[in-house]
Amino acid sequence: MDKSGAQDSALRISQLLELMWGIHSKYEGMNEHDITLYKVGIQTFLLEALEEAKALRVAVEVDEDYNEDEN
């Protein structure tokens, strides 16, 4: 992945997190049907953000287990 691809990935992650926050900010007072849609929406955005972050980590050669070495 080149620099512009990494920039696109970082922007995509940011957009997904903003969408999740926008959905979450409306959580109060939802009925059961809306809560189900909320859960599906958040899960979908989280999965997309995780995939995008994984691609970005690979591109910048960040070891997936780098946090485990600190323990």
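Throughout, numbering of the chain's residues begins at 1 and tracks the sequence.
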Criterion side-chain contact (heavy atoms from CB on, under 4.5 Å) on L37 and H33, from CA distance to verdict:
CA-CA 6 Å; L37 293 175; H33 177 266; 3.3 Å; yes

Do L47 and I42 belong to the same hydrophobic cluster, where Ile, Leu, Val, Met, Phe, Trp and Tyr are linked whenever their side-chain heavy atoms lie under 4.5 Å apart, directly or via other members?
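Different hydrophobic clusters.
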
Any L11 side-chain heavy atom under 4.5 Å of Q15 side chain:
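Yes, their side chains come closer than 4.5 Å.
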
Shortest non-hydrogen separation from A49 to L16 and the atoms involved
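Looks like N-CD1, 3.4 Å.
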
Distance (rounded to the nearest 0.5 Å) between E51 CD and L46 CG:
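Taking CD in E51 and CG in L46, the distance rounds to 12.0 Å.
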
Decide side-chain contact (heavy atoms from CB on, under 4.5 Å) for R57 and K54; before the verdict, give the C-alpha distance in whole Å, the side-chain angles of both, and the deciding distance to 0.1 Å.
CA-CA 5 Å; R57 279 195 322 263; K54 183 178 181 180; 3.8 Å; yes

Does the T44 side chain pair with the main chain of V40, one donor and one acceptor, at a distance under 3.5 Å?
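Yes; judged by distance alone, with no hydrogens or angles, the pair exists.
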
